[in-house]
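Chain naming here is simple, since letters A, B, ... match the order of the sequence lines and numbering starts at 1 in each. Given the structure is predicted, the values throughout are model-derived calculations rather than measurements.
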Amino acid sequence: MSDERSPSLAHQPAAGGIAARAMAAARPAAYLQGLNPEQRAAVETLDGPVLVLAGAGTGKTRVLTTRIAHILATGRAAPYQILAVTFTNKAAREMRERIGVLIGQSVEGMPWLGTFHAIGVKILRRHAELVDLKSNFTILDTDDQVRLMKQVIAAADIDEKRWPARQLANAIDSWKNRGLTPAQVPAGEAMSFANGKGGELYAAYQARLKTLNAADFGDLLLECIRLFRENPGVLAEYHRRFRFMLVDEYQDTNVAQYLWLRLLSQAPAGEKVNLCCVGDDDQSIYGWRGAEVDNILRFEKDFQGSTIIRLERNYRSTGHILGAAGHLIARNEGRLGKTLFTDDVEGERVTVAGAWDSGEEARAIGDEIENLQRKGHALNDIAILVRASFQMREFEDRFVTLGLPYRVIGGPRFYERAEIRDALAYFRATMQPADDLAFERIVNVPKRGLGDATVQILHDYARHNSVPMMQAARVLVETEELKPKPRQTLRDLMTAFGRWAAQSEVLGHQELAELILEESGYTDMWQKDRTAEAAGRLENLKELVRSMESFENMAGFLEHISLVMDASEEGASEDKVSILTLHGAKGLEYDTVFLPGWEEGLFPHQRSLDENGRAGLEEERRLAYVGLTRARRRAKVWFASNRRIHGLWQATMPSRFVDELPAAHVDVVEPSGSYSSGGAFAMSRFDKAQPFSGSTYSTPGWQRARENMASGFKATQPPPRREPLTIEGELVARSTGTASVHKVGDRVFHVKFGYGDIAEIDGNKLTVDFDKAGRKRVVDSFVAAA
DNA sequence: AAAATGAGAATTAGA
DNA sequence: TTCTCATTTT
């Protein structure tokens with residue numbers, strides 16, 4: 001690997017050398033200018049473990065990047081000796097750019113700045129043979145995983161209908177998030193899938209991955225952990241290499257990532273661990289994805305002699321916004337505790353307004369945006385943050401009629417789109433003839449008459465003879481196994497693949513891509529398609545080919561793409577209102593933020609409450625906190641009294657979070673003009689009465705919510721707890737994952753199906769034998785103990 | 001093998 | 001309501 005040399009420093013004195021240090025001492029550290037004392041401490045405390053608790057808008061990224069610049073400038077380490085991990089490619093890219101600006105040159109010499117997964121891959125490729133892989137192993141995405149899982153389930157002679165592959169994929173994913181290999185999965189959980197076969201299937205899946213020379217996303221971390229554990233020499237090599245480690249968004253790390261970090265940071269005796277984690281426990285909103293807030297809460301215990309630095313000076317929002325957000329989040333119990341402050345003006349109070357229904361909510365917000373626009377506000381500085389994506393639609397509809405430009409952020413990612421995945425599958429199958437999953441994906445796309453029957457024959461032959469399917473195909477077209485028609489079609493397809501593979505030697509990869517898409521009939525398929533989205537898909541394909549430009553060849557492109565492929569950066573140049581989910585908004589900021597849908601059941605989301613009890617509520621509250629703190633000047637909370645959920649209209653009531661906002665920082669906007677269609681809702685009092693009365697919520701909204709829950713079919717359940725996770729006798733995670741509160745055999749009640757007995761449990765999915773309705777699979781939050 | 005019909009379910013999302 | 005997935009129909 002070329003990272004041993006450091007291109008950007010090629011003509012500079014050796015890192016850590018006397019000359020470098022002298023230069024650093026002599027040069028006024030321009031990059032330190034303008035940091036406040038806490039930020040500066042976070043940058044300059046280089047020795048030993050440091051936890052930087054960086055509240056929203058306190059300059060987290062600045063600290064992180066300046067710290068790296070500082071390490072480099074003081075000659076404490078060379079770029080290739082710094083490990084800096086982020087969660088998203090976007091964050092990694094941003095860091096790279098900002099460091100470049102700080103040190104005034106490109107940072108190509110920082111090979112170890114990247115996502116957990118990207119760095120994991122890099123490490124694994126170097127030592128692939130130690131974890132039973134070849135260094136050119138392929139990385140499977142979720143879709144490939146499920147396809148593979150289907151095969152494993154079929155091979156185990158299990159009914160795929162009763163035990164969907166999707167579900168097994170989720171189970172395995174969550175095991176991997178918790179750092180569990182097949183052997184380590186708790187017996188109870190391993191039993192819960194497919195009548196006790198869960199553990200075996202996981203093991204079988206892992207075995208299949210090895211024969212395919214493939215790894216899924218979870219493996220990128222898990223196999224690294226295994227590598228380090230089984231090969232102390234390899235681990236020691238990285239200990240020597242990484243003089244400094246930095247972790248972004250530490251509150252989002254899961255158990256596997258924590259273990260990975262801990263292994264890497266266990267420096268040889270006598271040496272200090274220069275680990276710096278930056279995060280905000282109040283912004284931990286990914287518990288459902290395996291993130292462990294516990295990691296950040298436990299930092300001091302995990303890393304002896306650590307320094308904790310709080311960044312509480314906020315540079316983003318006005319006083320009223322911070323006041324409202326701070327008061328809200330103070331309700332949470334499991335937090336380290338921070339209070340943000342600002343020198344900024346108090347500004348406008350946070351407004352709370354109610355609408356009759358979701359349609360009126362959208363109309364009112366649309367009008368308000370038009371008013372802002374008239375006053376000269378840029379639409380780019382306005383965002384609508386929703387809890388669930390179905391809420392977006394109403395706004396889109398409204399904005400279309402108003403002719404108000406908007407963009408939806410999030411949604412299906414570029415590389416997840418079917419046409420992109422199909423195209424990539426063609427490329428993969430061309431470049432790697434052993435890539436069965438890719439081949440299977442496109443063998444009949446476009447439809448060419450190679451259906452299930454043909455694929456099954458190929459499959460059987462391939463499995464029996466332990467050869468890739470493409471090879472099986474080449475053999476079979478020479479035999480009488482296949483019917484004449486598919487036989488000829490398949491023969492043509494194989495010829496085409498052979499031709500493309502040959503062409504890949506001579507053509508540029510972009511031409512090759514176009515050739516494949518053309519000759520395979522794939523482009524044609526979409527051109528003939530008359531549906532509305534066909535044009536967009538063709539456009540995406542063009543974009544895909546365009547995006548290949550910066551790569552040297554097809555292999556390099558494919559290598560990169562499995563890990564890094566963001567939605568094509570849509571022209572942020574146009575002035576548009578942004579519509580996005582609260583989760584998607586983390587890390588972003590806008591002058592004006594609209595927060596619609598603050599209603600019990602939607603926000604906090606009922607499911608979060610049902611499945612995770614108090615922890616779920618606190619996570620929802622953090623989400624509200626994230627939403628409010630996105631606003632620079634104006635935060636506008638809305639709720640509707642009626643909303644259509646799953647097709648039918650339901651009366652809703654204001655979120656308890658509305659009640660938890662402090663009166664001093666809030667203005668209640670009285671229903672006025674066209675929006676007061678009856679004033680059927682009664683505005684809640686604000687929470688001046690009992691600011692901190694522990695767990696007794698007694699404001700009206702909350703009371704009504706509780707009544708509703710009591711009278712309804714959904715019983716509030718105690719938070720499900722599963723065994724704390726310990727590794728090598730040490731507590732690693734207290735609250736890991738979720739488990740059903742039900743047991744097999746329990747009698748339950750479902751609002752639609754009536755009474756029944758639980759036959760099987762898989763996570764939160766129950767199979768229930770209902771007295772009247774027969775056997776059904778339901779999500780456990782839809783049933784109550786009878 | 002492909003289109004049509006019907007049933008069942010229903011946050012949030014990163015690599 | 002709207003989507004996905006599976007089964008049935010052509």
TODO: Quick one: label A:Glu249 by what it contacts on the DNA or RNA (base, sugar-phosphate, nothing), any heavy atom closer than 4.0 Å.
DONE: nothing

Task: Rounded distance in Å - CE (A:Met525) to P (B:dA2) - done: 12 Å

TODO: May I ask whether A:His646 stacks on the base of B:dA10, given the cut-offs of 5.5 Å between ring centres and 30° between planes?
DONE: yes

TODO: Please state how far atom CZ in A:Arg607 lies from atom P in B:dT12, giving the value in whole angstrom units.
DONE: 9 Å

Task: Position toward the 5' end of DNA chain B (nearest nucleotide), A:Asp452 or A:Ala118 - done: A:Asp452

TODO: Rounded off to whole Å, could you give me the CD1-to-C1' distance for the A:Ile285 and B:dA13 pair?
DONE: 10 Å

Open item on the list: With no hydrogens and no angle check, just 3.5 Å: does a side-chain donor-acceptor pair link A:Lys483 and A:Gln488?
Closed with: no

Open item on the list: If you assign each of A:Gly451 and A:Glu620 to its closest nucleotide in DNA chain B, which residue comes earlier from the 5' end?
Closed with: A:Gly451

- [ ] Ignoring the backbone of A:His605, work out which of B:dA15, B:dT11, B:dA1 is nearest its side chain.
- [x] B:dT11

TODO: Check whether the ring centres of A:Trp638 and A:Phe594 lie less than 6.0 Å apart, and answer yes or no.
DONE: no

Open item on the list: Ring centres within less than 5.5 Å and planes less than 30° apart: is that true of A:His583 and B:dT12 in this structure?
Closed with: no

Open item on the list: Looking only at the side chain of A:Asn177 (C-beta and beyond, no hydrogens), which of the listed nucleotides B:dG14, B:dA2, B:dA15 gets closest?
Closed with: B:dG14

Task: Min side-chain heavy-atom separation A:Leu328-A:Arg621 under 4.5 Å - done: yes

Open item on the list: From C-beta outward on A:Ser608, which listed nucleotide comes closest to its side chain: B:dA1, B:dA13, B:dT11?
Closed with: B:dT11

Open item on the list: Taking any heavy-atom pair under 4.0 Å as a contact, classify A:Phe217: base, sugar-phosphate, or nothing.
Closed with: base

Open item on the list: Measuring from the side chain of A:Arg644 (C-beta onward, heavy atoms only), which nucleotide among C:dT1, B:dA13, B:dA2 has the closest atom?
Closed with: C:dT1

Task: Ring centres under 6.0 angstrom apart (A:Trp288, A:His605) - done: no

Open item on the list: Just to be sure I understand the rule, does A:Asn444 reach a base, reach only the sugar-phosphate, or reach nothing, if contact means heavy atoms closer than 4.0 Å?
Closed with: sugar-phosphate

Task: Interatomic distance where CG belongs to A:Asp610 and C1' belongs to B:dT12 [whole Å] - done: 15 Å

TODO: Calculate the interatomic distance between A:Arg289 atom CZ and B:dT11 atom C1'; express it in whole Å.
DONE: 14 Å

TODO: Please name the residue in the list A:Asp422, A:Asp141, A:Asp435 that meets the salt bridge (Lys or Arg N to Asp or Glu O under 4.0 Å) test with A:Arg441.
DONE: A:Asp422

- [ ] Please state how far atom CD1 in A:Ile645 lies from atom P in B:dT11, giving the value in whole angstrom units.
- [x] 11 Å

Open item on the list: Check A:Asp216 with A:Lys176, please: is the shortest side-chain N to carboxylate O separation under 4.0 Å?
Closed with: yes

- [ ] May I ask you to verify if any side-chain N or O of A:Asn89 is less than 4.0 angstrom from the OP1 or OP2 atom of B:dA15?
- [x] yes

- [ ] Report the nucleotide, chosen from B:dA13, B:dA2, B:dT12, that has the shortest atom-to-atom distance to any side-chain atom of A:Lys447.
- [x] B:dA2

TODO: Give a yes/no on whether any side-chain N or O of A:Arg393 is located under 4.0 angstrom from OP1 or OP2 of C:dT2.
DONE: yes

Open item on the list: Counting the atoms with a prime plus P, OP1 and OP2 as sugar-phosphate, which does A:Thr142 contact under 4.0 Å by heavy atoms, base, sugar-phosphate, or nothing?
Closed with: base

Task: Side-chain N,O (A:Thr581) to OP1/OP2 (B:dA13) below 4.0 Å - done: yes

Task: Base B:dT12 paired with A:Arg387 side chain (donor-acceptor, <3.5 Å) - done: yes

- [ ] Return the value, rounded to whole Å, for the distance between atom CD of A:Glu394 and atom P of C:dT2.
- [x] 11 Å

Task: Atom-to-atom span, CG of A:Asp219 to C1' of B:dG14 - whole angstrom - done: 16 Å

- [ ] Mark this stacking check for A:Trp288 against B:dT11 as yes or no, applying ring centres under 5.5 Å and ring planes under 30°.
- [x] no

